[in-house]
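Report on one structure; see the data block that follows.
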Amino acid sequence: MDAVKLTLIILFTGLVRCAWAAPHQVILVGPADSAQLVAFRQALSAQLDPDWQVGYLPGNDLKPTLPDLPEVLWVTLGREALQQLVALDLPRQNQHVLSLYVSRRDFESLTQGIPKQNLISAIYADAPLVRQINLAHLLAPQARRIGVLSFQPLTLVLPDSLTAQAEISNLALAEAESLSKYLADTIRECDILVGTEDPDLFNSINIKPLLMTAYRHNKFLIGPGYGFVSAGSLATTYASQSDTLRELSAWLRQYGHTEVWPAPRYALEFSVVVNAQVARSLNLTLPEENALKRQLTTLEGSP
Amino acid sequence: MLASISMTAAADESQDSVDQVLIDEDAPLLMEAKPSDLPVVLTAARLKQPRTDVPAAVTVIPGDLILQLGVKSLHDVFRLVPGMTVGASGSNFPVLSYHGTKADEQRRLQVLIDGRAQYAPNLASVDWLNLPVPLEEIERIEVTRGPNAASYGANSFLATVNIITRHPEDTAGSSARFFEGSNAYQRYYLHHGDITQGVHWRISGQGKKDSGFDRLANDTAFRDSYDLDGANLSVATSSYGPDQLSLQAGFLNGSHEIRLDPNDAEGGTAPNQEQTDAFGEFRWQHDINDSHFFHVQAYYQQRDRDQVWTGCAPELFFSPTLNQLTQRNPGYASAVFARLLGADPLAELTELYSAVQDGSAGLGSPEDDQIFLTLVGEILGGSSNLVCGEINNSIRECRWDLELQDTLRVTDRLRIVSGASLRHDRFESDTYFQGQGENVLGRLFFNAEYRPLDDWLINLGGMMEWDEDNGDYFSPRIALNYKLAENQALRLVLSHAIRTPDTFEQSAQWSYLAKNLSPPLPNDVTEARTFTTRSPGGLDNEKIVSREVGYYVNLPEYGLETDIKVFRDNLWNLIGGPLQLYTFAPENNLALTQTGGELETSWNPLPQDRFRLTYAYLDQDEKYTGTQTYNRLATAITPERLFEIESRLNARHSGSGAWQHFFGRGLSTGLVYYYADNRSGNTFERGDLILNYTYHWRDYRISVMLKGEYLFENDPLIFRDYRMDDDHHVYAGLIVEF
């Protein structure tokens, strides 16, 4: 009986879509509504065809049990929203979930054990390491040793083209005696530091000694994200709001055709931000941000 | 159902409220990490000036480079700085200068370690071997090439050397280092650092010794080895946060052999100078806000030199008649000494005796002549026989200094640094000053950095000083930096500085109190004072005006950075004349015009190769402006001789070239070349080959350093006495860090 009902529903919705091009409904789930989010939603609507409807739902308003889930595309904004949807077991109810503003690490840990089957995917919020290292090369072509900083040791899988340019090593805080010993050694061993989105290392407490120590040695940090550049990091790649909107609408349009999400991946649309004051003080003459972005895009396009 | 609720909610939002919100589309939509969570660590006020904005020619030598190049001793570093030359004086006491001038008593350079002035104002010297700073603790050395009294006060005359030590935050862990090599060179450094309850600390021990030069010009051995040991402590709170406190203390203790005076060889003993240098420094920096901070720094330092030995001199030196002559007419006395110490004293004295008798000597008044004739009687009566007694060349100096400096970023275009300091100096030496003395120095300073237009930067600064001995004086500087492009700048600098005469030049009272005289003087006197050599006093400040045009370019795409400086400096009122026991005749009697050009460039064409090149050309014209007409009978000094002395550390062409290659896997090599064609006629030309290898074993980082030095021209170092037997020397080092 149930099977029949389900088949009917599928057939019905399929017919409706074909016949009347019924609107696609997108629900953004995020933190409590803010003007910024309202603007984001409007901008997204503007980028999509008129048959797309974009709604917004604060994560807290999600009911523990959702009766009669409508056929919508859930787009979670941030780690918390994804966590809330996962807690409601939405992905198992054949709901389509796309996660934004969640790091690769968080996405993987939150969706562990959930069969993805193209129902749940993500555009990772953190900057891909290869892109960050490419940026480091562009900013300091003479750098000999690049240190990738993380809390837990990473397995670096990097293309040969990168490792041929400089020695790239991962330095994990967890393996050091103390933060100060870690910084002393790290900064001596490396010409450039590349940060990874790892709140255990990159947080408001550690960033002070890290940046001060690096700066004292005329060395600089790339990344890990936009917020760290205003703190004193030299530069980073990141996804701006416009980048995210462009990328999200592309994903949604693609979904409109294929009805499946692409596999989770890092954002293809990105920007570069440079802390000009820090650059000047470190005596660096840097290319303009857009030029850096173009160079990075070219690098990523080539094998 | 749920979706429709949400859609409705969205429709309720009025369009107006959205438009009012400024959306920064270039920023990411921030979900969790709000920007306010992250502190702005590198605030504008804390950031250093970029090179294009620096109002002077500055050479920065990073501490890592010093270690990578296997530099043996601090003074050797400065061969890497364009325009600087390195020599030695006395019994292997290193001297160095920028734009040369005197080698002995070189005193025209200011040296600071973490803000503590190392220039001792009484005997006006910088003891390069005795600075209590281990090479391993140097973060970087900044040399401001040019007068910089506007920032650092009087005596920052030709250049200022700023040695900045490593913050204890950067030296957590332990290390042990040992170096050994030719000429009995040995050096060690041990350290341990950690953080305890949020306070970073480092404790270290160091020691060094070597046997100095191999032989004197007369082929006899040179007593000039030294052996020093010391310890340092550095404690500091984190280098961020609104209040930063730091405390440093250290000492360096040891002994330095002093060459034997020929007279002392007859019954005297060979002197050793026992040396102690100690300091303590406290500093508090407070950030009022992102664009305003100040620091207060207080330090104490002490420099003790004890040199007690049995010296021998003619009995005549204790003669009241001789003392009468030195007090009445020092020039006359000098003429007598010149003959007495000559190759054939009797013949030379006889010649002078006849000149005085026939009235042709012209050395002094008839009364002076009468004293001379009495003196000759004493000499013929046997007073030229040597007597030996215990004498000393000891001096103790100490200093308190308190400084307040305030940095205020008024706007994005205007930054003001201002401050005040107070210093108290005390010295005690029976031999040089027959007692003790003190001086108080007060200072007020400011520097405004103003950017009227994006490409123009004006630096205007000055220091007003007042001291008890030399009165008040003002040292201004104005510099203009024009940015030709983002990475190129032109600078014009006009700077004025003075050097105050040191206590010794201005008010020496130099005599030896000899004890346990043997044989005793007549009437069995066993303790007596020699004649006293006094400074004529009345010396005025030395002055310099420097005009500099500089060009700086940084081309990161080629890994190239270059700074070029051309200059024309006028120095006048320079104090020339001998400062010796037998002839002490300082006078503001020299004017120099120095012109030249300097280049400093670094080039990193590939990540694994680093090149560094420096070159300096210096031309100097001398003019005698003194009032003394040198009587050839009275002294061997002539204006030409003064010019020679005043250009002893000059080199017309000098420079260095370094190539470092990093093979990866911890292996690197360095090839360095140094050159200086000293005006003294001796050329310094050396090549170094350095090999460094580091490997990690368990938690240890083990490094081996091998270094070979080759002297292409084995000329003596500036003076004829500083000779090396071999043209090649080797060194090795073992470093364990954990």
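Proteins get letters first, then strands, A, B, ... in listed order; numbering begins at 1 in each.
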**Asked** chain A heavy atoms under 4.5 Å from B:D699: which part of the residue, side chain, backbone, both or neither?
**Response** neither
**Asked** Is it the side chain or the backbone of A:Y182 that comes within 4.5 Å of chain B heavy atoms, both, or neither?
**Response** neither
**Asked** Side chain, backbone, both or neither: which part of A:D243 has a non-hydrogen atom closer than 4.5 Å to chain B?
**Response** neither
**Request:** Inspect the surroundings of CH2 in B:W201 and state if more than 12 heavy atoms from other residues, nucleotides or ligands are less than 6.0 Å away.
**Result:** yes
**Message:** I'd like to know which of A:R216, A:R145, A:R188 tops the heavy-atom pair count under 4.5 Å against chain B.
**Reply:** A:R216
**Request:** Salt-bridge test for B:D114 and B:R283: reply yes if a basic N is under 4.0 Å from a carboxylate O, no otherwise.
**Result:** no
**Nearest heavy atoms of A:Q95 and A:V72, plus distance in Å** = OE1-O, 3.9 Å
**Prompt:** Between B:Y695 and B:Y693, is the ring centre distance below 6.0 Å?
**Reply:** yes
**Asked** Which bit of A:Q165 is near chain B, if near means a heavy-atom gap under 4.5 Å: side chain, backbone, both or neither?
**Response** backbone
**Message:** Using heavy-atom distances under 4.5 Å, tell me whether B:E139 contacts chain A through its side chain, its backbone, both, or neither.
**Reply:** side chain
**Fill in**
Okay, A:E189 and chain B: the region with an atom under 4.5 Å from a heavy atom over there is side chain
**Prompt:** Side chain of A:S180, backbone of B:A172: donor and acceptor closer than 3.5 Å?
**Reply:** no
**Complete:** Bottom line for B:Y558: the part with an atom under 4.5 Å from chain A's heavy atoms is backbone
**Request:** Answer yes or no: is there a donor N or O on one side and an acceptor on the other, between the side chain of B:N481 and the main chain of B:T52, under 3.5 Å?
**Result:** yes
**Prompt:** So, for A:T213 and A:H217, which heavy atoms are closest and what is the spacing to 0.1 Å?
**Reply:** O-ND1, 2.7 Å
**Prompt:** Any cation-pi pair here, B:K48 with A:Y215, using under 6.0 Å and within 45°?
**Reply:** yes
**Asked** If you draw the axis of the six-membered ring of A:Y56, does the NZ or CZ of A:R41 fall within 45° of it and under 6.0 Å from the ring centre?
**Response** no
**Item:** Heavy-atom pairs under 4.5 Å with chain A, option from B:R610, B:H200, B:E486, B:H167 with the top count
**Value:** B:H167
**Message:** Please rank B:N604, B:N554, B:D170 by heavy-atom pairs under 4.5 Å with chain A and give me the top one.
**Reply:** B:D170
**Asked** Who among B:R166, B:R140, B:E561, B:R701 has the most heavy-atom pairs with chain A under 4.5 Å?
**Response** B:R701
**Prompt:** What residue, out of B:G559, B:G173, B:S238, B:P556, has the most heavy-atom pairs lying under 4.5 Å from chain A?
**Reply:** B:P556
**Request:** Below 4.5 Å from any heavy atom of chain B, which atoms of A:T244 appear? Answer side chain, backbone, both or neither.
**Result:** neither
**Message:** So for A:A143, is it side chain, backbone, both, or neither that comes closer than 4.5 Å to the heavy atoms of chain B?
**Reply:** backbone
**Message:** Any carboxylate oxygen within less than 4.0 angstrom of a Lys/Arg side-chain nitrogen, looking at B:E449 and B:R413?
**Reply:** no
**B:F663-B:H661 aromatic ring centre distance below 6.0 Å** = yes
**Message:** With a 4.5 angstrom heavy-atom cut-off, is it the side chain or the backbone of A:S242 that approaches chain B, or both, or neither?
**Reply:** both
**Asked** Can you tell which of A:A231, A:P141, A:G232, A:A239 has the highest number of heavy-atom pairs within less than 4.5 Å of chain B?
**Response** A:A231
**Asked** Non-hydrogen atoms of chain B under 4.5 Å away: do they reach the side chain of A:L183, the backbone, both or neither?
**Response** neither
**Item:** Toward chain B, the part of A:Q277 with a non-hydrogen atom under 4.5 Å
**Value:** both
